[in-house]
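First up is the structure itself, then whatever we jot down about it.
What you are looking at is a predicted structure, and each value in this text was computed from that prediction instead of being measured. Sequence lines set the chain letters: A, B, ... in the order given, protein chains first and strands last, and positions in each chain run from 1.
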There are 2 protein chains.
Amino acid sequence: MRKRQNCSLLGFAQHDHKRCVSAGLKVADVYCQKHKLRLTTVRRRTLSILLESHTALGAYDVLARLREEGLGSEPPVAYRALGFLLENGFIHRIERLNAYVACSHPGALHNPAFLICSDCRAVAESTVATTTGTLNRQARESGFQIEHTTIEAEGQCPSCQQANQ
Amino acid sequence: MRKRQNCSLLGFAQHDHKRCVSAGLKVADVYCQKHKLRLTTVRRRTLSILLESHTALGAYDVLARLREEGLGSEPPVAYRALGFLLENGFIHRIERLNAYVACSHPGALHNPAFLICSDCRAVAESTVATTTGTLNRQARESGFQIEHTTIEAEGQCPSCQQANQ
DNA sequence: CTTGTAGTGATATAACATAACATTTTTACG
DNA sequence: CGTAAAAATGTTATGTTATATCACTACAAG
Ligand SMILES: [Zn+2]
Ligand SMILES: [Zn+2]
Ligand SMILES: [Zn+2]
Ligand SMILES: [Zn+2]
């Protein structure tokens, strides 16, 4: 009898979080070198700020951190860095929160689904991104061409459930 | 051999649109009477503004219309009316657009998926709202309690595809 | 009629995002 | 190297979306 694998989602599970940060930065470094992209100081620091938490941060939260460190003080600085990181799949945007979160499975562009805690903004990223067959069928039948699908499930993460019980 | 039913989604299909407006208002009238809710002038007009198009309108778009008609000129007027209509399931919020759309299947609270045209903001509402089994399983296994799921597919509606070909 | 509740009016401000243009840094190439 | 083009950054201003707060009004219940 095989032991059931623990496949709880990163973000809600206990884990060695320093590895998330270092691994995420490493992947970005390698990817950028390979694709001749410039992971500048601001961009790299923006990524590490997001990697340091598995929660969604607003652009102005990021900007505040950058400002403290003398890396820029005006909104475009943060939005440019976030834009670069989004384009290259290192971070994702959480539409419900107008906020940004580091990718948990970096290395390739992809289109994940998210589980978002409405209390603490913790975010877990699922690799499952496809819509249900029914929605796809309805789209096809009505002639709608789907280009991108956003799936965001909101609720309570394990620790906030305990805290609020 | 049974004829294939045309189940193209309202919003992209040709239809008698005056009926959408009158039916939507009627449902709201009845529902509010039954539940002792007050569908005031501003609320009712806000609903009809959204019913008049199957596209998503921003709060400030709605406000502009209300202002023209002397029904209110400051943001809270629109946001309060939209809030009431959202709470009672007469309209939905499109997160990707920070915009609002009248419900196509009014009468009960529900949690639909949307097909959103990125060119013209036309929105079709699908009754299919459940996430994929896999996402639900992942949530359960990691102890996350899903309360609400947003599914928004963005792409091109039939007429915009023709226009851009 | 009076008292509580729900709804509105009005002002201000918070939060999120981009346009536009000047300047600096980096890269590419002769 | 020197220099021109491209990419990134600095800076100012403004646009867009949303909420807090407090005063006032309408209205239903007792
Ligand atoms: Zn981590
Ligand atoms: Zn939480
Ligand atoms: Zn219609
Ligand atoms: Zn369209």
### Message
Do A:Phe144 and B:Ile151 sit in one hydrophobic cluster, given that two such residues count as connected whenever their side-chain heavy atoms are within less than 4.5 Å of each other, even indirectly?
### Response
yes
### Whole-Å distance separating the OH atom of A:Tyr60 from the C1' atom of C:dA14
11 Å
### Query
When the ring centroid of A:His105 is compared with that of A:His92, is the distance short of 6.0 Å?
no
### Query
NZ of A:Lys36 versus C1' of C:dT26: gap in Å, rounded?
14 Å
#### Entry: Residues in side chain to side chain donor-acceptor pair (under 3.5 Å) contact with A:Asp119, at least two apart in sequence or another chain
A:Gln156, A:Asn164
#### Entry: B:Arg121: salt bridge (charged side-chain N to carboxylate O under 4.0 Å, His left out) partners, not counting sequence neighbours
none
### Query
In whole Å, what is the span from the CG atom of A:Leu86 to the C1' atom of C:dC16?
14 Å
### Query
In whole angstroms, how far is the P atom of C:dA20 from the CD atom of A:Glu74?
18 Å
### Query
With sequence neighbours left out, which residue pairs that include part of residues 55-81 of chain B fulfil the ring pair (Phe, Tyr, Trp, His ring centres under 6.0 Å) condition?
none
### Query
Got a donor-acceptor contact below 3.5 angstrom from the B:Asp61 side chain to the B:Leu57 backbone?
no
### Task
Check whether any side-chain N or O of B:Asp16 sits under 3.5 Å from a backbone N or O of B:Lys18 as a donor-acceptor pair, and report yes or no.
yes
Per-pair distances, 0.1 Å, donor-acceptor, side chain in residues 34-41 of chain A, under 3.5 Å, sequence neighbours excluded:
from, atom 1, to, atom 2, distance (Å)
A:His35, ND1, A:Tyr31, O, 3.0

Side chains of residues 95-102 of chain A: which donor-acceptor partners sit under 3.5 Å, not counting sequence neighbours?
from, atom 1, to, atom 2, distance (Å)
A:Glu95, OE1, A:Arg93, NE, 3.2
A:Arg96, NE, A:Glu154, OE1, 2.3
A:Arg96, NH1, B:Thr150, OG1, 2.7
A:Arg96, NH2, A:Glu154, OE1, 2.5
A:Asn98, OD1, A:Arg93, NH2, 3.0
A:Tyr100, OH, A:Arg93, NH1, 2.8

Under 3.5 Å, which protein N or O atoms sit close to an N or O of nucleotides 2-9 of chain C? Give each pair with its distance.
from, atom 1, to, atom 2, distance (Å)
C:dG7, OP1, B:Arg43, NH1, 2.9
C:dG7, OP1, B:Arg43, NH2, 3.4
C:dG7, O5', B:Arg43, NH2, 3.4
C:dT8, OP1, B:Thr40, OG1, 2.5
C:dG9, N7, B:Arg80, NH1, 3.0
C:dG9, O6, B:Arg80, NH2, 2.7

### Task
Mind calculating the distance between CG (A:Leu63) and P (C:dA14) to the nearest angstrom?
16 Å
#### Entry: ring centroid sep under 5.5 Å plus plane angle under 30, A:Tyr79 with C:dT18
no
### Query
When the ring centroid of B:His15 is compared with that of B:His54, is the distance short of 6.0 Å?
yes
### Query
To the nearest 10 degrees, what angle separates the axes at the start and end of the helix from C:dC1-D:dG30 to C:dG30-D:dC1, five pairs each?
30°
### Query
When you list every nucleotide of DNA chain D with an atom under 4.0 Å from a heavy atom of chain B, which one comes first 5' to 3', and which comes last?
D:dT17 to D:dC27
### Residues forming a salt bridge (charged side-chain N to carboxylate O under 4.0 Å, His left out) with A:Glu52, sequence neighbours excluded
A:Arg45, A:Arg65
### Query
What is the distance, rounded to the nearest whole Å, between atom CD of A:Glu95 and atom P of C:dC16?
13 Å
